[in-house]
**Q** 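Quick one: the structure is below, and I'll ask about it shortly.
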Amino acid sequence: MKTILRTRFSVLLIAVLLTSGLSATAGDEAVRPSQFNLKAFVRASLNFVGGSSYKADALVEKLQSKPTDRVCVCEIMELQNNNAEYSNVALLSEKINNGDMGHDYKIAERQLTKEKKQMKAMFFDNIRVNTKIAVATDCLSLYIKMRQESLGLKLYDILDADARSAIK
């Protein structure tokens with residue numbers, strides 16, 4: 001019974017907040033994800049729950065100073081089957097950096113090759129790779145950066161090369 005009352009109260013609260021005129025406009029400018037300020041967001045979130053802004057600054061610094069411990073290999077492709085054609089599709093593979101970056105890149109690249117074989121066998125008649133990128137960062141950050149530069153970029157998948165290479 002308590003859960004039903006909490007759920008109803010939460011839905012009512014959200015409805016009231018949405019209809020109470022709490023709207024934001026960008027004016028003449030457009031809002032883009034690159035304008036997002038992580039430090040301000042974390043600080044406001046901690047202030048809302050009663051934390052100090054010092055903790056927010058320390059948390060953001062810790063997140064931003066994290067060393068690169070992953071490698072990412074990305075291929076941007078054109079995919080085609082009988083029904084449709086898709087261009088500018090990104091397939092990414094991420095591997096934990098164990099110190100031998102060349103070997104880690106090869107494992108991540110091998111997983112991309114296996115996935116492309118699966119894609120060709122199951123879904124697509126023609127797969128053509130336009131661009132290949134290998135960097136020492138996590139794949140999500142790479143995808144977000146590439147998405148900012150190329151607005152038509154579509155994400156197919158981010159593969160975990162560590163988990164996939166463990167399965168033989």
**Q** Once rounded to the nearest 0.5 Å, what's the spacing between atom NZ of K145 and atom CG of L153?
**A**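 Nearest 0.5 Å value for the NZ-CG distance: 14.0 Å.
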**Q** Without swapping roles, check the side chain of D104 against the backbone of N98 for a donor-acceptor pair under 3.5 Å.
**A**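 Here the side-chain-to-backbone pair exists.
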**Q** Quick one: salt bridge (charged side-chain N to carboxylate O under 4.0 Å, His left out) pairs with a partner in residues 147-158, sequence neighbours left out?
**A**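 Residue pairs with at least one partner in residues 147-158: there are none.
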**Q** Linking I/L/V/M/F/W/Y whenever their side-chain heavy atoms sit closer than 4.5 Å, directly or via other members, would M122 and V129 fall into one cluster?
**A**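 Linked, M122 and V129 end up in one cluster.
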**Q** Before accepting this row, confirm whether a basic side-chain N of the pair R70/D138 lies closer than 4.0 Å to the acidic partner's carboxylate O.
**A** no
**Q** Name all residues meeting the side-chain hydrogen bond (donor to acceptor under 3.5 Å, both in side chains) criterion together with E94; count only those two or more places apart in sequence or in a different chain, and write none if there are none.
**A**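 E94: no side-chain hydrogen bond (donor to acceptor under 3.5 Å, both in side chains) contacts found.
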**Q** How long is the span from the CG atom in N126 to the CE atom in M77, to the nearest 0.5 Å?
**A** 11.5 Å
**Q** Could you point out which residue of I133, L142, L112 forms a side-chain contact (heavy atoms from CB on, under 4.5 Å) with V73?
**A**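 Exactly one candidate clears the test, L112.
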**Q** What donor-acceptor contacts under 3.5 angstrom involve side-chain atoms of residues 83-93, with partners at least two apart or in another chain?
**A**
| residue | atom | partner | partner atom | Å |
| --- | --- | --- | --- | --- |
| N88 | ND2 | S150 | OG | 3.1 |
| S93 | OG | A108 | O | 3.1 |

**Q** Between atom NZ of K106 and atom CG of D100, what is the distance when rounded to the nearest 0.5 Å?
**A** 8.5 Å
**Q** To the nearest 0.5 angstrom, please state how far the CZ atom of F124 sits from the CG atom of N81.
**A** 6.0 Å
**Q** Atom CD in E109, atom NZ in K132: separation rounded to 0.5 Å?
**A**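 Going from CD on E109 over to NZ on K132, the span is 3.0 Å.
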**Q** With the 4.5 Å side-chain cut-off for hydrophobic clustering, are Y156 and I76 part of the same group?
**A** no
**Q** Hey, could you give me the NZ/CZ distance between K95 and R110, rounded to the nearest 0.5 Å?
**A**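 Result: 10.5 Å between the selected atoms.
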**Q** Should C139 and C72 be marked as a disulfide (SG to SG under 2.5 Å) after you check the CA-CA gap, both sets of side-chain angles, and the distance that decides it?
**A** CA-CA 5 Å; C139 285; C72 181; 2.1 Å; yes
**Q** Going hydrophobic residue to hydrophobic residue with side-chain gaps under 4.5 angstrom, can you get from I158 over to F123?
**A** no
**Q** Transitively linked via ILVMFWY side-chain contacts under 4.5 Å: L155 with I127?
**A** no
**Q** Taking the side chain as everything from C-beta on, heavy atoms only, tell me whether E75 gets closer than 4.5 Å to T131.
**A**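 Heavy-atom side-chain distance check fails, nothing below 4.5 Å.
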